[in-house]
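Worksheet: one structure, shown below.
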Amino acid sequence: MKWTQSFIRTLREAPREAEAASHKLMLRAGLVRRLSAGLYTYLPLGLRVIRKVEDIVRQEMNKKWAQELLMPTLQPREIWEQSGRWDDKELGMLKLKNREEREFVLGPTHEEIITDLVSKEVRSYKELPLNLYQIQTKFRDEMRPRFGMIRAREFIMKDAYSFDVDEGSARKSYQDMSEAYSNIFRRCGLKTQVVEADPGAMGGSKSEEFIALADTGEDIIVSCPQCPYAANLESAGRGEEEPGKSQEKIKPLEEIETPNIKTIKELKDFLGERPEKMIKTLIYSADGKTVAALISGNEEISEVKLRKNLKCENLQMADEKLIEEVTGGPLGFSGPVGLKKIKIIADGGVTKIINGITGANKKDKHIKNVNIGRDYSPDEVADISYVREGDKCPKCEGALAMRRGIEVGHIFNLGRRYSQSLGAKFLDEKGQERPAIMGCYGIGITRTVAAIIEQNHDENGIMWPMSISPYQVHIILLNVNSTETVEVADNLYKQLTREGVEVILDDRDERAGVKFNDADLIGIPLRLTISPKRVAEKKVEIKRRRDGKEFLVDIEQAVEKLEELIQEGG
RNA sequence: CGGGGCGUGGCGCAGUCUGGUUUAGCGCACUUGACUGGGGGUCAAGGGGUCAGCGGUUCAAAUCCGCUCGCCCCGACCA
């Protein structure tokens, strides 16, 4: 491609709306343009990268015997009612009606559609296992799209779905995908970490996220420096701490006046006590049952961990009415003392609080010197708070560390949830009908591109890994008025193209500085500079974007040298 | 959805507080010409704006008031 004939548009300055490095660079290098919040046009240069990532994904999926298909984006309401997810709040479904008032959703994911398909097509265990995938545009009506490609309303995703006859086979399918994902991200030049995660809206038993480490990432991952343990913040666990021996003497219970003091912060300011002394009491409704969760005032509850502990599907904070009903006191004054009607589950940290402060279940009253065992007894002690930096690893003695990252892939073992509700059943060897065991596996393609940039850029621009770079070689022609130089550039361009090398030739009548800066910005791994000065010596220059290493070679050797560098991966 | 900020040629901004001094300005980009030619060069001449939209106040509105829309950031939520 010659620059003067291409639709490459670079920007000297980033639009003000862009914050993240990848977002700024994608706009500046002319990979994408914004249409509206979270909606982007992929320009030719950006699309080339997307296609390369997709190709890697296809190759690795096909290696695991997954087969590609393509499903509709517009999906009728009925099928989502069957799976029970029509009213799901977590998926951010964009719903719409046609002229006949029929309701549809723009697919945020495709479990329903694939399961319906398989239920109609698969009859026998002999047809399993099966893994089907697609690469397609997904819609999520994000409340707040941000960071450009990292959280968009419309994005390209690869989603795969596996169907197996039994748990053993399903484990193999899951393992295959895990391997495929590692290969895909490695080939894209991304450093990822696999973490334990919460299946959330997808349901199912096991799930892991592939996180690309990046400071601008939205996800916080917790990992142990001494063992392989890693999890996302929501579901990370901690090891049991040694019970600290406190010298503090247990004091008698005392009711105190706390007019209109409802939050831990207000209580801290009012009493001058440390939050560590306070027992936060949160009332939840879990699948219809009411429970009280106790957390130390300086900790935050992880609803993911609580839900996991309670083994419930639907977990919501109780409203004021329910709180009054079960505690006898208004919102903001709940406490475990005297709570009889409901299950009490205490975070591990709470059990260490001696002479604690908590709500009295009466308006404008708290009680102090509350002690476990004497004043209240939780039905269960569990780990339900967010871990913090330095907490003990649940698997070893290490101290947990935290890092930020971007979730680029997520794999789930779904079990029978969808196959049951949507009737994806088969006949086993004994002629018995059984629902298939499913797994689903997603990769955010566009987000992966953003993550690659987050991990591969410097102050001047992008540094594409060779495997997904839009072009492999960027020829810079200095001085378009020198006939001889132009001739050399044209010849090399033709030769390289003939050899199958993807090359872009900057043939604009621009100053050297402009061309060099644009080359750094769009980040092609190898730069070939052809100038009158060097041509006079029968030489050309090759420079590697990644480390700035330069090679001065004879014109006749340029193609060979470039091919060698491409083989090395730029 | 809560809090904050912003909206002025393609991009980045000034002007708004204190209405009139501006025919709405600057840098970059763009067009034409000349010079120049190894890290965003110089000179000259140009094109491009319903000052987000609607309504109001006023002799007079980019500027004051009201409403609406859009965008960004923090939070909540989240494949």
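Every chain is numbered from 1, with letters handed out A, B, ... down the list of sequences. When reading the values below, keep in mind they use all heavy atoms of this one structure, side chains included, and skip hydrogens, waters and symmetry mates.
- With a cut-off of 3.5 Å on both pairing distances, the Watson-Crick or G-U wobble partner of B:G2 is B:C74.
- The aromatic rings of A:Tyr181 and A:Phe185 lie perpendicular to each other, with more than 60° between the two planes, well past the 30° mark.
- Under the rule for a ring-ring contact (aromatic ring centres under 6.0 Å, His included), A:His110 has no partner lying at least two apart in sequence or in another chain.
- Remark: A:Arg545 engages A:Asp458 in a side chain to side chain donor-acceptor pair (under 3.5 Å) (not counting sequence neighbours).
- Donor-acceptor pairing under 3.5 Å, judged by distance alone, is absent between the side chain of A:Asp518 and the base of B:G39.
- Set against B:G39, B:C74, B:A79, the side chain of A:Glu407 has B:A79 as its closest nucleotide.
- Taking 4.0 Å as the cut-off between side-chain N and carboxylate O, A:Arg85 and A:Glu111 count as a salt-bridged pair.
- Where A:Ile443 and A:Asn460 each meet RNA chain B at their nearest nucleotide, the meeting point lying more 5' is that of A:Asn460.
- With a cut-off of 3.5 Å on both Watson-Crick or G-U wobble distances, the partner of B:G66 is given as B:C54.
- Listed by residue number, A:Leu478, A:Asn479, A:Asn481 are the residues of residues 468-487 of chain A with a heavy-atom contact under 4.0 Å to RNA chain B.
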Kindly give the atom pairs (protein nitrogen or oxygen, nucleotide nitrogen or oxygen) under 3.5 Å for nucleotides 43-45 of chain B.
none

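- Residues passing the ring-ring contact (aromatic ring centres under 6.0 Å, His included) test with A:Tyr133, sequence neighbours excluded: none.
- Residues passing the side chain to side chain contact (heavy atoms under 4.5 Å, CB included) test with A:Ser302 are A:Val304, A:Lys305, A:Tyr386, sequence neighbours excluded.
- Using a 4.0 Å heavy-atom cutoff across all strands shown, A:Arg34 reaches sugar-phosphate atoms only and no base atom.
- Heavy atoms of A:Ala18 sit nowhere under 4.0 angstrom from any nucleic acid atom.
- The partner of B:C28 is B:G10, judged by Watson-Crick or G-U wobble contacts that both fall below 3.5 Å.
- One P atom belongs to B:C6, the other to B:G66, and the distance between them is 15 Å to the nearest Å.
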Next item on the list: Give the B/S/- string for nucleotides 24-30 of chain B, one per nucleotide from 5' to 3', where a protein heavy atom under 4.0 Å of the base yields B, of only the sugar-phosphate yields S, and otherwise -.
Entry: ---BSS-
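- The side chain to side chain contact (heavy atoms under 4.5 Å, CB included) test applied to A:Glu179 returns A:Lys64, A:Gln175, A:Asp176, not counting sequence neighbours.
- Between the CG atom of A:Asp509 and the P atom of B:A34 there is a distance of 11 Å, given to the nearest Å.
- Listed candidates were B:C71, B:C73, B:C6. Nearest to the side chain of A:Glu17 is B:C71.
- Sequence neighbours left out, the pairs with a member in residues 9-31 of chain A that pass ring-ring contact (aromatic ring centres under 6.0 Å, His included) are A:His23-A:Tyr40.
- Between A:Arg58 and A:Asp55 there is a salt bridge, since at least one side-chain N of the basic residue sits less than 4.0 Å from a carboxylate O of the acidic one.
- Taking side-chain N and O atoms only, A:Arg144 has a distance below 4.0 Å to OP1 or OP2 of B:C74.
- A:Arg508 comes within contact range of no nucleotide atom at all, as no heavy-atom separation falls under 4.0 Å.
- Comparing B:G37, B:C6, B:A76 by their nearest atom to the side chain of A:Arg16 picks out B:C6.
- Judged as a side chain to side chain contact (heavy atoms under 4.5 Å, CB included), and not counting sequence neighbours, the contacts of A:Gln472 are A:Met466, A:Val501, A:Glu502, A:Ile566.
- The side chain of A:Arg28 contributes no N or O atom lying less than 4.0 Å from OP1 or OP2 of B:C11.
- Nucleotide B:G39 forms no Watson-Crick or G-U wobble pair with any nucleotide shown, as no partner meets the under 3.5 Å limit on both distances.
- Looking at heavy-atom distances under 4.0 Å, A:Arg153 makes no contact with the nucleic acid at all.
- Using a cutoff of 4.0 Å between basic side-chain nitrogens and carboxylate oxygens, A:Lys2 and A:Asp490 are scored as salt-bridged.
- Pairs passing the side-chain hydrogen bond (donor to acceptor under 3.5 Å, both in side chains) check and including a residue from residues 26-37 of chain A, sequence neighbours excluded, read A:Glu17-A:Arg34.
- Put simply, the side chain of A:Arg511 and the base of B:G41 share a donor and an acceptor less than 3.5 Å apart.
- Distance A:Ile211 CD1 to B:A79 C1': 11 Å, rounded to the nearest Å.
- Candidate nucleotides B:G39, B:C72, B:A79 were compared by shortest atom distance to the side chain of A:Phe155, and B:A79 ranks first.
- Using a 4.0 Å heavy-atom cutoff across all strands shown, A:Lys543 reaches at least one base atom of the nucleic acid.
- By the side chain to side chain contact (heavy atoms under 4.5 Å, CB included) test, A:Ala37 pairs with A:Pro145, A:Arg153, sequence neighbours left out.
- Heavy-atom distances to RNA chain B give each of A:Pro108 and A:Phe147 a nearest nucleotide, and the one nearer the 5′ end belongs to A:Phe147.
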